[in-house]
Amino acid sequence: MSEHAYYDIAVVGAGLAGVCAAISAAAFPKTRVLLLESASKPLPYTKTLPFYDGAINAVDPAAQGRQGIFDSPELFMQQTLERSGYRASPELVRELCYRSYDAKIWLRNLGAEFMLKTVQLPGSGFPRGAYFRDLSQFRECLLKALLAGGVDCVCSASVKQMEQKDEGWKLTYAESSGAIREVRTLSVIACSGGFVSDDRICSFHDPRNKGLRSIDPTHGRSADFLKALVRNGAGCVGMDFLDYLTVLNDSVPTQLRLPTQASVLVSRDGRLLAAGLDSVERTEALLSSPDHTAYALFPSSMTENLPKAQAQAIWRVFSIGEAVCVHRGESVQEGSFSFVSEQFWRTLTADLSAYADRATRMNERQTPALPQWIGSEKLMLVKVTLVKQRTLGGVRIDPHAQILNALGSPIKGLFAAGEAVGGVHGKSCLPGNSELAAVVFGRTAAESASHYLLSLKKLKDF
């Protein structure tokens, strides 16, 4: 490559979204396409499987119809929005669901082979998943399409800066050898991996989350290229994913797993905070508690089937951490911490009794019944806190994959797809939707970039 190479479209990131974008862009006549990847090869996945779920969701009338499955893009959209907690962009979800069938057919035309049976992916809630027959074969067909399209692929190239030059963009990237290169391009498609994890440039749906401790080692260290997009006006959107951790002392939460999901949450003074299994109720209770902490009450039987190493760790926690082991109605055992007093148990007993009475009078959906182990088993009590597990977000785009600024206006010549995008999945991503979003918005970004190039050509001709 020359010192100052010129391209029509530069795709940054050679994951699934970037590869699909590059293949689609190269299909347009007389379009020079560059693919930049920071890893040593395209599709650089470190797990055994080269793709997250090894499958893709799609509304496929023929495949689903053979199994008597009725599906529609409208139903797919509704279920995706529900899974997102209605925090995903409806416009982006509509694009995702209504183009799912086209995406699957496009992959099949490239040579991808799917299993014949449509399945319900674990956690997806509906049978519209299609597993790839052979993931290695799928990867090979994508790489062959890149080669056939004449895409210039530069690996071990980390984009550090970008700036607008005339009617295009100048990208500066560093090679593994340390050499600094520049490339000029009329348009850029951002498909770089690594979600935005910096809460200084990412807007959240709940401001209370900003006071939570983060356990994500990459928090605040967003990819250089994503930061470069922000410096050039790209708006960001994202949200926090929260988790419950035990607290061994007053300052350090640990990721030692305890069965808090099936426990009863109580406050420091014994008040009942949450008794059902609704994670939203638990999250709200902890967000409203002082220091975002509470105490999880659960039966000792929950630890019986754990692996030996985990069971020993839990018992060790009970002996050295801020936790106690008692029978309901009995006094606190010797050696436990002083905060658990007789008043604590009197308050808790009264709250549990009142809750049980309310549950019998009202519909179970409104007030779930107390767990049966209350009052019949040896109980465990351990301090838990709400923490910020990770922040998933990215640049804002419209349904045409154009990058938007903070005011919602498109930035000329900038497009995005894949993990660089925020607002597609919201609170939770349906299994199989991650791959689908990469293919759909990778192709959409390439189409929009090509139309943008066509508009530039028409302007020049005029």
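We use all heavy atoms of the structure for the numbers below, so side chains are in, but hydrogens, waters and symmetry mates are not.
- Remark: Arg32 engages Asp8 in a salt bridge (charged side-chain N to carboxylate O under 4.0 Å, His left out) (not counting sequence neighbours).
- The salt bridge (charged side-chain N to carboxylate O under 4.0 Å, His left out) test with Glu182 is passed by exactly one of Lys160, Lys165, Lys170: Lys170.
- In this structure the side chain of Tyr101 reaches within 4.5 angstrom of the side chain of Pro61, judged on heavy atoms.
- Atom CG of residue Asp152 and atom OH of residue Tyr7 lie 3.5 Å apart, to the nearest 0.5 angstrom.
- Between Met162 and Val12, every side-chain heavy-atom pair lies at or beyond the 4.5 Å cut-off.
- Counting only heavy atoms from C-beta outward, the side chains of Glu91 and Asp398 never approach each other to under 4.5 Å.
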For Asp102 and Arg443: C-alpha separation, side-chain torsions, deciding distance, then whether side-chain contact (heavy atoms from CB on, under 4.5 Å) applies.
CA-CA 10 Å; Asp102 291 340; Arg443 296 181 65 216; 4.0 Å; yes
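- Interatomic distance, CZ of Arg231 versus CD of Gln161, reported as 6.5 Å (0.5 Å rounding).
- Residues Glu74 and Tyr98 have side chains that bring a donor and an acceptor to within less than 3.5 angstrom of each other.
- Atoms CD and OG, on Glu37 and Ser158 in that order, are 9.5 Å from each other to the nearest 0.5 Å.
- The shortest side-chain heavy-atom distance between Phe138 and Leu16 falls under the 4.5 Å cut-off.
- Inter-residue side-chain proximity for Arg99 and Pro399 is flagged as unmet; no heavy-atom pair is nearer than 4.5 Å.
- Checked against ring pair (Phe, Tyr, Trp, His ring centres under 6.0 Å), Phe114 has the following partners two or more places apart in sequence or in another chain: Phe132.
- If you take CG on Leu456 and OG on Ser187, they are separated by 8.5 Å, rounding to the nearest 0.5 Å.
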Apply side-chain contact (heavy atoms from CB on, under 4.5 Å) to Ser289 and Leu273, showing your working. CA-CA 9 Å; Ser289 300; Leu273 299 178; 3.7 Å; yes
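- Within the model, atoms CZ of Phe415 and CD1 of Ile397 stand 11.0 Å from one another, a figure rounded to the nearest 0.5 Å.
- No donor-acceptor distance shorter than 3.5 angstrom exists from the side chain of Ser409 to the backbone of Asn405, with no hydrogens or angles considered.
- Atom CZ of Arg128 and atom CG of Leu75 lie 5.5 Å apart (nearest 0.5 Å).
- Between Leu116 and Arg133, some side-chain heavy-atom pair lies under the 4.5 Å cut-off.
- For the pair Thr80 and Asn433, the minimum side-chain heavy-atom distance is below 4.5 Å.
- Residues Tyr131 and Leu121 form a side-chain contact, since some pair of their non-hydrogen atoms from C-beta on lies under 4.5 Å apart.
- Judged by distance alone, with hydrogens and angles left aside, the side-chain atoms of Asp166 form no donor-acceptor pair with the main-chain N or O of Gly168 at under 3.5 Å.
- When each of Ile189, Leu436, Leu96 is tested with Phe441 by the rule side chain to side chain contact (heavy atoms under 4.5 Å, CB included), just one qualifies, namely Leu96.
- Among Leu35, Ile23, Ile9, the single residue meeting the side chain to side chain contact (heavy atoms under 4.5 Å, CB included) criterion with Val151 is Leu35.
- Looking only at distances, a side-chain donor or acceptor of Ser448 sits under 3.5 Å from a matching main-chain atom of His400.
- Looking at Ser100, its side chain does come within 3.5 Å of a backbone N or O of Cys97 through a donor-acceptor pair.
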